[in-house]
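Within every chain, numbering begins at 1; the chains are lettered A, B, ... in the order of the sequence lines, protein sequences first and strands thereafter.
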Amino acid sequence: MTVTVNRSGPGGPARLLRAEWTKFRTVRGWVIAMTAGALVIVLLGLSSASGSHASCDNGPTEAVCPAAPVGPGGEAVEDKFYFVHRTLAGNGSITAQVTSMTGQIRKPDVTPGVRNVVPGLVPWAKAGVMVKQSTRQGSAYAAMMITGAHGVRMQHDFTHDVAGRPGGVSKDSPRWLRLTRSGDTLTGYESTDGTDWAEVGTARLSGLPATVEIGLFAASPGDLTVTQGDLGGSISAARFTETTAVFDRVDLEGETSGDAWRNDDIGVTKAPDGSSHHPGRAGESGGTFSVTGVGDIAPSIEGQTVERTLTGVPAGLIVVIVVAVMFVTAEYRRGLIRTTLLAVPRRGRMLAAKAFTIATVTFVAGLAASAITLTFGTRLLRANGNLILPVSWLTEVRVVVGTAALLAVAAVLALALGALFRRSVGAVITAVVLIVVPHVLATTSVLPDTAARWLLRVTPAAGFAIQQSIPEYAHVLGHYAPIAGFYPLAPWAGFAVPAGYAALALGLAVVRLRRRDA
Amino acid sequence: MQATIEVTGLRKRFGPTVALDGMSFTVKPGQVTGFVGPNGAGKSTTMRVILGLDAVEKGSALIGGRPYRSLRTPLRHIGALLDAAALQPSRSARNHLLWLAHSQGLGAGRVDEVLEQVGLTSVARRKAGGFSLGMRQRLGIAAALLGDPPVLMLDEPVNGLDPEGIVWIRGFLRSLAAEGRAVLVSSHLMSELQDTADHLVVVGRGRVVADTGVAGLIADTSKGRVTLRTTAPEHAMSALAPVGATVTVIEHDTLIVSGLPAERVVALLNADAVPFSEVAAHRATLEEAYLDLTRDAVEFRGATR
């Protein structure tokens with residue numbers, strides 16, 4: 001007899017994937033549910049964005065909030081300090097001895113209505129010498145500084161920070177700071193005696209113009225206090241502080257135009273009547289400068305983030321989990337799994353093809369949903385007056401693609417659980433408890449920060465870290481907690497956690513499928 | 001490729017129960033082989049072992065000389081119908097066959113061919129969940145035919161079919177065997193295989209009880225038996241019993257006489273003036289042959305597996 005079957009066709013893996021894809025697309029309920037899951041992400045995201053309005057009060061009237069200054073790296077920055085400076089043309093350097101650094105901090109009022117101000121320095125209070133492109137907020141700079149509790153530092157362009165020697169300053173142990181400019185390269189030095197100099201670091205400020213501002217500065221960020229709420233969660237508050245540094249033996253080398261030092265309170269907050277709110281100040285007598293500053297020179301971590309538009313993802317994820325579980329348990333329920341195993345006796349490959357199919361379908365749906373939501377959600381937020389912390393397009397792509405990948409990995413985990421349990425309800429509940437519940441617990445005001453961080457390290461919910469667009473900065477004191485959108489693991493490290501869970505569950509499912517009679 | 005199934009020494013236990021106890025037989029091409037035995041005799045387990053679904057402790061099952069799990073496009077080697085209800089109810093008949101076809105590297109054209117072959121073309125795009133048992137059986141057979149395999153194996157295909165469907169499937173199986181395919185059909189009722197099977201593998205308690213051709217089996221069972229139709233059965237019995245005949249009443253006017261040739265029966269009845277309307281050499285049914293074969297193993301009926 002002759003077997004008259006066309007033997008040309010796709011090879012093994014392609015055949016399996018095509019068969020599983022045909023299975024998926026021919027059950028209308030699954031296609032509709034997956035589409036609905038994507039729509040849930042879009043609609044929840046856009047509706048929360050359209051409901052979020054922001055405005056800034058300008059005396060009696062409300063006004064559009066001013067845009068935050070943007071640093072050379074494109075990030076939103078805080079650029080607020082007192083600057084005593086001159087203009088430097090070409091190469092040159094500034095040297096100064098810091099003999100004192102003191103400050104005051106406003107603490108929570110003990111007697112209501114009476115300001116409770118105590119002497120002291122916040123850890124990242126900073127004062128020193130600086131070369132800055134211009135007095136425009138957000139322009140490039142490099143600075144050598146003494147800090148409240150982190151010793152000598154060299155910082156540049158807001159996000160870069162290099163540690164020098166630890167310790168503070170006093171009359172008995174002053175610190176010398178020096179910053180030299182040579183072309184695009186700024187080099188920072190420190191010394192305890194003005195004779196022996198140690199290099200702290202260098203910074204390349206590419207495109208730095210020939211003429212720059214050079215001088216002394218002081219800044220003091222708000223005092224951050226985080227208190228645990230009664231029902232878990234936490235409340236953070238920042239209160240006014242200022243710092244005053246005393247500089248001696250200031251020496252400028254290079255071609256400085258004019259002979260007067262100019263004082264600028266960069267970025268000072270203006271009250272509605274035009275007066276400065278918490279102004280800084282400076283004075284000079286006999287070559288000794290005293291500079292008092294308020295504010296910070298650092299990347300801003302306060303504001304809306306692009307990923308805030310993706311609030312619908314956990315809800316969409318539940319739908320994805322249900323579909324992924326059904327994709328395998330429906331076969332067990334009807335005994336169709338035997339038909340599948342007749343067609344594909346290599347069981348591991350069969351399950352792998354199934355996992356790949358549901359992952360691809362979920363990825364495509366998730367990619368469309370998160371791209372639409374992020375694009376239009378951020379537009380809506382901006383249109384409603386919200387300030388969104390800008391991020392590079394690469395970061396936006398990572399957030400969108402990472403969200404889709406997270407959904408896909410969760411789908412694989414759910415599918416593997418379905419294959420292990422062979423029952424829909426148990427598998428769906430387990431998957432939701434593993435992925436969605438920890439995320440909800442950790443990012444709402446339910447758990448203390450420590451517990452929330454642990455949940456986001458050890459459960460598959462760690463994968464949501466892929467959505468974090470603003471990194472944690474070691475040199476900026478912030479409330480880096482899950483509730484504020486900061487995850488304990490780096491984006492891809494966090495993503496690796498659910499990926500590991502999915503791989504493990506799929507492996508166990510394959511072993512079980514191979515060992516048992518179908 | 002040889003169109004055969006070779007089963008050798010299968011042993012399998014479910015806990016303390018022995019399911020397969022040295023099951024061995026061969027299914028040859030060009031004929032329909034009936035796979036018969038009471039429920040729990042090991043038919044379905046054997047079929048699942050052949051199809052690589054269940055593992056065995058000992059023994060081998062080969063399709064055309066190869067174990068099922070080594071086949072890359074198995075549906076082109078063997079088509080099987082195990083459970084006609086194994087369908088995703090919301091998927092159409094055509095789409096059910098389509099994913100199976102894709103898994104074997106076959107196209108939609110082949111799907112339409114088998115739908116036509118089993119007479120489901122007009123309902124191909126309807127959801128399989130709404131199908132009657134008969135339509136599901138046809139769909140299951142279409143799936144078995146998809147890869148145009150040289151070997152077919154059907155577990156209780158007649159179950160739940162209407163009389164028209166039973167006639168159809170018998171003819172269909174015969175035509176498949178006539179094309180040179182090896183066809184194995186299981187049943188727990190021997191009568192279902194009447195006029196269908198050429199060969200029988202009778203099983204009980206996990207092993208083969210008889211492995212024989214149908215024609216010879218019926219001849220053996222019929223041998224020495226005479227059907228007698230009479231209006232006076234008691235009179236006939238008293239005439240025939242004293243000379244050593246065994247007489248069984250099967251209907252009020254029909255007796256089976258064994259131990260005497262037909263001519264002797266006629267002579268004895270005439271001598272005693274017993275009225276009769278018919279004396280004929282008996283043609284046994286497959287059911288009788290089966291009962292004969294399994295008489296020694298009646299305890300099967302009490303066994304749970």
Side-chain angles (χ1 to χ4, degrees), chain A residues 1-33 323 326-350 353-354 357 424 512-518, chain B residues 1 3 12 14 29-30 45 48-49 51-56 67-83 85-92 94-96 98-110 127-129 140 143-144 146-150 179-181:
Chain A
M1 69 171 286
T2 51
V3 178
T4 55
V5 166
N6 173 20
R7 280 179 188 273
S8 67
R15 279 200 313 260
L16 304 194
L17 291 177
R18 189 164 180 222
E20 291 298 336
W21 163 239
T22 306
K23 269 188 201 172
F24 184 87
R25 70 174 172 82
T26 55
V27 174
R28 198 189 292 167
W30 296 345
V31 176
I32 290 173
V323 176
M326 294 289 287
F327 190 42
V328 65
T329 55
E331 294 205 17
Y332 277 104
R333 189 166 163 211
R334 317 277 174 191
L336 194 59
I337 188 74
R338 278 180 220 109
T339 312
T340 298
L341 292 177
L342 288 190
V344 188
R346 290 196 282 184
R347 300 181 178 188
R349 288 185 176 224
M350 185 280 289
K354 240 182 172 27
T357 303
S424 314
R512 181 150 189 250
L513 190 62
R514 280 206 186 122
R515 284 211 185 137
R516 294 209 2 190
D517 288 346
Chain B
M1 189 196 318
K12 183 179 180 66
F14 292 113
T45 306
R48 289 149 56 86
V49 169
L51 296 171
L53 293 173
D54 285 12
V56 281
Y68 194 92
R69 290 201 193 186
S70 77
L71 303 172
R72 289 295 163 259
T73 50
L75 303 193
R76 293 173 171 189
H77 298 258
I78 178 168
L81 168 64
L82 288 187
D83 176 10
L87 293 164
Q88 173 72 34
S90 53
R91 200 178 273 134
S92 74
R94 190 172 184 279
N95 283 332
H96 174 70
L98 193 60
W99 75 256
L100 274 172
H102 286 162
S103 75
Q104 308 298 304
L106 301 167
R110 182 62 194 153
K127 286 182 178 178
L146 201 56
D148 196 10
E179 289 167 19
R181 295 177 218 258

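Within 6.0 Å of CZ in A:R512 there are more than 12 heavy atoms belonging to other residues, nucleotides or ligands. Counting non-hydrogen atoms of neighbouring residues, nucleotides and ligands closer than 6.0 angstrom, the CZ atom of A:R334 exceeds 12 such neighbours.
Nearest approach of B:L53 to A:R347, heavy atoms of both residues: O-NH2, 3.0 Å. Residue A:D517 comes nearest to B:F14 through the heavy atom pair OD2-CE2, 4.3 Å, listed as atom of the first residue, atom of the second, then distance. Shown here for A:A343 and B:L100, the closest heavy-atom pair between the two residues is CB-CD2, 3.7 Å. The minimum heavy-atom distance linking B:G105 with A:R15 is given by the pair N-CD, 3.1 Å.
Between chain B and the options A:V344, A:L341, A:I337, A:T339, the largest number of non-hydrogen pairs under 4.5 Å is found for A:T339. Contact count versus chain A (heavy atoms, under 4.5 Å) is highest, among B:R72, B:H96, B:R69, for B:R72. Taking B:P89, B:S70, B:G30, B:A85 one by one and counting their heavy-atom pairs under 4.5 Å with chain A, the maximum is reached by B:P89.
In this structure, A:T26 and B:R94 have side chains that are not in contact, with every pair of non-hydrogen atoms separated by 4.5 Å or more.
For B:A55, the parts lying under 4.5 angstrom from a heavy atom of chain A are both the backbone and the side chain. Using a 4.5 Å cut-off between heavy atoms, A:R338 contacts chain B through both its backbone and its side chain. For a residue to count as touching a neighbouring chain, one of its non-hydrogen atoms must lie under 4.5 Å from one of that chain's; by this rule B:I78 does not touch chain A. Contact annotation for B:L87: only backbone heavy atoms (N, CA, C, O) come within less than 4.5 Å of a heavy atom of chain A.
For the side-chain contact (heavy atoms from CB on, under 4.5 Å) with B:W99, the lone residue among A:K23, A:R18, A:R25, A:E20 that qualifies is A:K23.
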